[in-house]
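The structure appears right after this line, and notes come after that.
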Amino acid sequence: MTTHAPAADAALAATAVLPAVIPTAATVTVSDLVERPGRCLPGWTAALTALAAAAAGGWLLWRTGVLPERLAGRTVLPEAPAPRDLTGLWGAVLLLGALTAFAAGGLTRGRPGKVWVLTRHGAYQGSVRDTGLLWISPLLGRRRMDVSLRHWRSRAIETVDADGTPLHASVLIVWRVRDTARAAFAVDDHSRYLREQVECAVTRAVSRLPADDFRGSGPTLRDSERLGDQLTRLLAADMRPVGVEVFSAQPVRLEYAPEVAAAMRRAQVTALDARHRRAVLDDVLAAVAETVRGLTDRRLVQLDDYERKSLVRDLTVAFYTARGPAAEMPKK
């Protein structure tokens, strides 16, 4: 039993170390990617190299005697000397042809608002934001990505407010790709991911408040500035891990779903009518109080409690009726 103790201790030590080793090997994930500059050269260097290699290859072809000396009966090239070693000349021609193809194959154009994302065997190798004529190694995979400021208007998103009333909301998003490495490798399609996150953000933001408050003056979804700020914060936080920067998310349309639109419109009209009647009644009562106070202060009349109540009632009816059809009492 004592002779096997060191072996058992070694096995336990290896078992204890194993969990610490495995996470260390898995710490490099796609979310740890950060955009870095990719390697490129000015395009004129590659163009000059390709021209020089092509000229040298043409000279060697002339030395081998492949190029014709006369075209259409006219002498265009001097007589080539007798080559001594055709094998060496042809090897040099092939080498120069490969150099020409390599130099010309990497020529590309960088455009404002566009970025080349470089990969090698699926691994990220950097991003090229330079513009103009460039040379990028043809051994690298290239993917063009748009990093300019873009806007997108969503379709009518079906959601509900804090009271559970069905709504249709449309949102205008202003965004751009900030980190091309994350946008290219953190998600399969950052544009589709943005569209899905917009629906989630609209659902969360709209469900916090009612669309309308017919009973009081509390905060509602009609405050488009407040709703836009909430949407912008939610979307910016959701899209930051994938390298997308959201500048603005503003609601452009917020309406009730067709199945409840008529009922909510009637409720809104009723609330507005009640608010208007309340305002008219407050104005009438203020006018009556001012009239009664003016009569008593000037000592034009002496009124007891019964006469004061009668006068107030008569003045209220007179002033309220004078407001016209808009002040008519609702029929019971």
For this session: List for me each residue that meets ring-ring contact (aromatic ring centres under 6.0 Å, His included) alongside Tyr124, sequence neighbours excluded, and say none if there are none.
Result: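 ring-ring contact (aromatic ring centres under 6.0 Å, His included) check on Tyr124 returns Phe185.
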For this session: Check whether Trp116 and Leu140 end up in the same hydrophobic cluster, where Ile, Leu, Val, Met, Phe, Trp and Tyr are linked by side-chain heavy atoms less than 4.5 Å apart.
Result: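 Trp116 clusters together with Leu140.
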Exercise. Any idea which heavy atoms bring Thr180 and Val147 closest together, and the distance?
Worked result: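 That closest heavy-atom pairing would be CG2-CG1, 3.7 Å.
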Problem set entry | Ala162 to Pro210 - nearest heavy-atom pair and separation |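 Heavy atoms of Ala162 and Pro210 come nearest at CB-N, 3.7 Å.
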For this session: Tell me who clusters with Val174, hydrophobic residues only, linked when side chains sit under 4.5 Å apart either directly or through other members.
Result: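 Traced through the cluster, Val174 reaches Leu149, Phe247.
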Which atom pairs, donor and acceptor, lie under 3.5 Å between side-chain atoms of residues 97-112 and protein residues at least two apart or in another chain?
| unit_1 | atom_1 | unit_2 | atom_2 | d |
| --- | --- | --- | --- | --- |
| Thr100 | OG1 | Ala54 | N | 3.4 |
| Thr100 | OG1 | Leu96 | O | 2.8 |

Exercise. Are Leu209 and Thr220 close enough, and set up right, to give a side chain to side chain contact (heavy atoms under 4.5 Å, CB included), and what steps lead you there?
Worked result: CA-CA 6 Å; Leu209 293 173; Thr220 65; 5.7 Å; no
For this session: Check the surroundings of atom CH2 in Trp152: do more than 12 heavy atoms from other residues, nucleotides or ligands lie under 6.0 Å from it?
Result: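 Counting neighbours around CH2 of Trp152, more than 12 heavy atoms of other residues, nucleotides or ligands fall under 6.0 Å, so yes.
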For this session: Answer yes or no: are there more than 12 heavy-atom neighbours, outside Asp189 itself, under 6.0 Å from its atom CG?
Result: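 Count over threshold, so yes.
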Exercise. With distance as the sole test, does Asp161 use its side chain to make a donor-acceptor pair with the main-chain N or O of Asp163 at under 3.5 Å?
Worked result: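 It does hold such a pair.
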For this session: For Arg253, check salt bridge (Lys or Arg N to Asp or Glu O under 4.0 Å) against everything at least two apart and list the hits.
Result: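 Here the qualifying residues are Glu255.
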For this session: Please identify each residue that fulfils salt bridge (Lys or Arg N to Asp or Glu O under 4.0 Å) with Glu158, with sequence neighbours left out.
Result: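 For Glu158, no residue satisfies salt bridge (Lys or Arg N to Asp or Glu O under 4.0 Å) once neighbours in sequence are set aside.
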Exercise. Hey, what do you get for CG (Leu221) to CZ (Arg226), rounding to the nearest 0.5 Å?
Worked result: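 One finds 9.5 Å between CG of Leu221 and CZ of Arg226.
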For this session: Measure the spacing between CG of Leu194 and CE of Met239 and express it to the nearest 0.5 Å.
Result: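 If I round to the nearest 0.5 Å, the distance is 4.5 Å.
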Problem set entry | For Arg155, side chain to side chain donor-acceptor pair (under 3.5 Å) partners two or more places apart |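 Partners of Arg155 by the side chain to side chain donor-acceptor pair (under 3.5 Å) criterion, ordered by chain and then number, come out as Glu199.
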Exercise. Under 3.5 Å, is there a donor-acceptor pair linking the side chains of Ser148 and Asp146?
Worked result: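 Side-chain D/A pair, Ser148 to Asp146: present.
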